[in-house]
Engineer: 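I am attaching a structure below and will ask some questions about it afterwards.
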Amino acid sequence: MDVPEAAAVRVRIAPSPTGFAHLGTASTALYNVLYARQRQGSFTLRVDDTDIERNRPEYEQLIYEALHWLGLDWDEGPDKGGPFAPYRQSERIDLYKQHAVKLLAEGKAYKCFCTPEELEAERRQAQAEKRPYKYSRRCLIDPPKDRSQFTVRFKVPGGEIKFTDMIRGEMTFDAGLIGDFILVKSDGYPTYQFASPVDDSTMKISHVIRGEEHLSNTPYQLMIIDALGYERPQAFAHMPLILAKDGAKLSKRKHPESNLMLYREQGYLPEALINYLALLGWNPGTAQEIFTFDELVRVFSFDRVQHAGARFDWEKLNWINGEWIRGMDDAELAGRLEPFLSSLDKATIMRAVPALKTRMTKLADATEYLDYLEQDPEPPALDPDSIERLKLAAEAIKDVPWQPEPIEHALEEVVARTGISKNKLYTPIRLALTGKKVSLPIHYTLALLPREVALERINRMVRS
RNA sequence: GGCCCCGUCGUCUAGUGGACUAGGACGCAGCCCUCUCAAGGCUGAGAUCGCGGGUUCGAAUCCCGCCGGGGCUACCA
């Protein structure tokens, strides 16, 4: 009963541990996971650590941490194992070598002894002659006999390379324009263009979902898959790039917002980041803006993916994060707030949440509203009228049950009795308690502080 | 330079030849609510659909050219 279309869906991401975990990695992971869940397929995490110069184990941990935080968990990976282990390219070197040897033996690849300087000279020459550069094939035609250091080059067969992109449709590339490229570096490590197709083939990847920067890499990889006699993936999907405000691809060096951990530190909810990422480059075709992960799994499709790159926008992310915060259950939100308010006990946080909820765009915002609980403010300078009002307020609330509502009623009673406006009555209290002009509603500002502390901060103003 | 992808309000986008006086969201402005700040409600400003030619009775939507942006073109991935 095996129908070709029903073949197992196997997708993957292959991030490089060459720095902090990148926003683009999360985005690509999201689309892969969405597709895998939709098609009951599996999602593999493969670590692309063939750049021995830049690659670091701790960066790999950062990738794990970020992806777990976002809930984008994988079925197979270096830390989990799986039927196609190992999942770290540095541990698959023998496999690449075997494949290189095979191509060499079949005359589909050849050793190149050219030095980087010679190559550079070729390139410059081509540029000077305003001619598109392609490797000269001098080591294919007439290899030098006196050298030992070499790379392995693929002998590009030429012709047309066609493939299906789930977003852009049928793609055609002219391989005649592609020069013989390097498969194995002189340090024995494979290049990305070689390792990627070997892994995708041997790991039986069915759909390659990745960023658009790889669109023009696809013909390179397809030629290798063909030369090796492997079956090609069923389809590719090249997602639009996430662009920085300046319109360039988000880069680790130039754009700090590409650092995934930044979002966790600032108190963005993983749900909200996922939600925002999904909407960057894709739309549901409806007016819905807020999506849970499960909803995304249900409605996501590649034919509603945008073709053009999308600029990253903090404002929209902030709004989505706020929507998630406001929509969250109080107890749940209190739990999420705890790491940001480590000096406060759980009960206090819980009592603050109802008032805090509509005032945060990110969890870290809570600290500005609540730091007066821990830090006694410098007593503000108040005019005599304000001092009088503080007296009135202190008198009204000193014996009231210490909860927001009774406090609110007591103060409103003062307003009703004296005709003093709420603004004139509450502002001095706010200043006395927090030293700031902005705080939670006054009854919360009061109630969150122990009664004695609150009254003392008021009374010392009256005394002075 | 060559190849590839792309081009609708500031941003994310809807739109696939007539219902488009181009819709929504974020942001922005104003008003309402209001003890501050938010949240919420209402209203509004904001896009000659990159430009120029076609095709057509009719084009944001199809074709050509140009311009602009991005990606790839590495012994980075």
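As the structure is a computational prediction, the values presented were derived from the model and not from experiment. Every chain is numbered from 1, with letters handed out A, B, ... down the list of sequences.
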Engineer: Tell me what Ser421(A) touches on the nucleic acid: a base, only sugar-phosphate, or nothing, going by heavy atoms under 4.0 Å.
Structural biologist: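 Touches nothing.
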Engineer: Please check if the number of heavy atoms outside Arg56(A) that lie under 6.0 Å from its CZ is greater than 12.
Structural biologist: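 For Arg56(A), atom CZ is not crowded (no more than 12 foreign heavy atoms under 6.0 Å).
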Engineer: Could you check whether Asp51(A) gets within reach of a base, just the sugar-phosphate, or nothing at all, counting any heavy atom under 4.0 Å?
Structural biologist: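 Result for Asp51(A) = sugar-phosphate.
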Engineer: In whole angstrom, give me the gap between the C1' atoms of rU21(B) and rA60(B).
Structural biologist: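 Those two atoms are separated by 15 Å.
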Engineer: Considering every strand and a 4.0 Å limit on heavy-atom distances, what is the contact class for Tyr189(A): base, sugar-phosphate, or nothing?
Structural biologist: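 Answer is nothing: Tyr189(A) stays at 4.0 Å or more from every strand.
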Engineer: What does Met360(A) touch in the nucleic acid at a heavy-atom separation under 4.0 angstrom: a base, only the sugar-phosphate, or nothing?
Structural biologist: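 No contact.
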Engineer: Could you check which of rU36(B), rA25(B), rG71(B) has an atom nearest any side-chain atom of Trp319(A)?
Structural biologist: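 Minimum distance to the Trp319(A) side chain belongs to rA25(B).
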Engineer: Between rG24(B), rC3(B), rC12(B), spot the one nearest the side chain of Glu289(A), thanks.
Structural biologist: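 The nucleotide sitting nearest to the side chain is rG24(B).
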Engineer: Considering every strand and a 4.0 Å limit on heavy-atom distances, what is the contact class for Leu215(A): base, sugar-phosphate, or nothing?
Structural biologist: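 Here Leu215(A) touches the backbone only, sparing every base.
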Engineer: Would you mind classifying the nucleic acid contact of Gly281(A) as base, sugar-phosphate or nothing, using non-hydrogen atoms under 4.0 angstrom?
Structural biologist: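 Contact class for Gly281(A): sugar-phosphate only.
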Engineer: Heavy atoms only, 4.0 Å cut-off, all strands: where does Gln127(A) land among base, sugar-phosphate and nothing?
Structural biologist: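 Nothing, no heavy atom under 4.0 Å.
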Engineer: When you check the phosphate oxygens OP1 and OP2 of rA14(B), does a side-chain N or O of Asn283(A) lie under 4.0 Å from one of them?
Structural biologist: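 Yes.
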Engineer: Please classify the nucleic acid contact of Arg389(A) as base, sugar-phosphate, or nothing, using heavy-atom distances under 4.0 Å.
Structural biologist: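 No contact.
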Engineer: May I have the distance from His307(A) (atom NE2) to rU8(B) (atom P), rounded to whole angstrom?
Structural biologist: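 These atoms are roughly 13 Å apart.
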Engineer: NA contact type, Glu408(A), heavy-atom cut-off 4.0 Å: base, sugar-phosphate, or nothing?
Structural biologist: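 The residue Glu408(A) makes no contact with any strand.
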Engineer: Is there a side-chain contact between Ile13(A) and Phe43(A), using heavy atoms and a 4.5 Å cut-off?
Structural biologist: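 Ile13(A) vs Phe43(A): side chains touch.
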Engineer: Assign Ser439(A) to base, sugar-phosphate, or nothing according to its heavy-atom contacts below 4.0 angstrom with the strands shown.
Structural biologist: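 Counting heavy atoms under 4.0 Å across all strands, the contact made by Ser439(A) includes a base.
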Engineer: Looking at the base of rC37(B), is there any donor atom on it, or on the side chain of Arg359(A), that sits under 3.5 Å from an acceptor on the other one?
Structural biologist: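 By the distance-only test, yes, there is a pair.
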Engineer: Closest approach to the side chain of Ile182(A), judged atom by atom: which nucleotide of rC75(B), rC35(B), rC5(B) is it?
Structural biologist: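 Comparing rC75(B), rC35(B), rC5(B) against the side chain of Ile182(A), the answer is rC75(B).
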Engineer: Indicate, with a heavy-atom threshold strictly under 4.0 Å, whether His238(A) touches base, sugar-phosphate, or nothing.
Structural biologist: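 No contact at all - His238(A) keeps every heavy atom at 4.0 Å or more from the nucleic acid.
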Engineer: Contact class for Arg123(A) (heavy atom, under 4.0 Å): base, sugar-phosphate, or nothing?
Structural biologist: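 The answer is sugar-phosphate, as Arg123(A) gets under 4.0 Å only of primed atoms, P, OP1 or OP2.
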Engineer: Side chains of Thr434(A) and Ser439(A): donor-acceptor distance under 3.5 Å anywhere?
Structural biologist: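 Checked: Thr434(A)/Ser439(A) side chains show no N/O donor-acceptor pair below 3.5 Å.
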Engineer: Ignoring hydrogens and geometry beyond distance, is the side chain of Ser16(A) in donor-acceptor contact with the base of rA77(B) at under 3.5 Å?
Structural biologist: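 Looking at the base of rA77(B), it does not pair with any donor or acceptor on the side chain of Ser16(A) (distance under 3.5 Å).
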Engineer: For Arg326(A) and rA38(B), is the shortest distance between a side-chain N/O and OP1 or OP2 below 4.0 Å?
Structural biologist: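 Checking Arg326(A) against rA38(B): no side-chain N or O falls below 4.0 Å of OP1 or OP2.
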Engineer: Can you find a donor-acceptor N/O pair under 3.5 angstrom joining the side chain of Thr151(A) to the base of rC75(B)?
Structural biologist: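 It does not, because no donor-acceptor pair links the side chain of Thr151(A) to the base of rC75(B) below 3.5 Å.
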Engineer: Is the phosphate of rC72(B) approached by Lys249(A) (side-chain N or O, under 4.0 Å from OP1 or OP2)?
Structural biologist: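 It does, given that an N or O in the side chain of Lys249(A) lies less than 4.0 Å from OP1 or OP2 of rC72(B).
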Engineer: Do you know the tightest heavy-atom contact between His238(A) and Gly211(A)?
Structural biologist: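 Residues His238(A) and Gly211(A), closest heavy atoms: CD2-O, 3.5 Å.
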Engineer: Please indicate whether Glu129(A) has more than 12 foreign heavy atoms, meaning atoms of other residues, nucleotides or ligands, lying under 6.0 Å from its CD.
Structural biologist: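 Correct, the count exceeds 12.
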Engineer: Could you work out which one of rC5(B), rU36(B), rG24(B) sits closest to the side chain of Pro441(A)?
Structural biologist: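 Per side-chain heavy atoms of Pro441(A), the pick is rU36(B).
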Engineer: At less than 4.0 Å, is any side-chain N or O atom of Lys185(A) found next to OP1 or OP2 of rC75(B)? Yes or no.
Structural biologist: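 Indeed not, no polar side-chain atom of Lys185(A) lies that close.
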Engineer: Just checking Glu53(A): base, sugar-phosphate only, or nothing, at a heavy-atom cut-off of under 4.0 Å?
Structural biologist: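 Contact class for Glu53(A): none.
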Engineer: State plainly whether the residues Lys436(A) and Asp371(A) are in salt-bridge range, i.e. N to O under 4.0 Å.
Structural biologist: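 Yes, this pair counts.
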Engineer: For Arg311(A), answer base if it contacts any base atom (sugar-phosphate contacts may also be present), sugar-phosphate if it contacts only those atoms, and nothing otherwise; contact means non-hydrogen atoms under 4.0 Å.
Structural biologist: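 The residue Arg311(A) makes sugar-phosphate contact but no base contact.
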Engineer: Taking NZ, NE, NH1 and NH2 as the nitrogens, is one of them in Arg359(A) or Asp365(A) under 4.0 Å from a carboxylate oxygen of the other?
Structural biologist: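 Between Asp365(A) and Arg359(A) there is no salt bridge, as every charged N stays at least 4.0 Å from the carboxylate O atoms.
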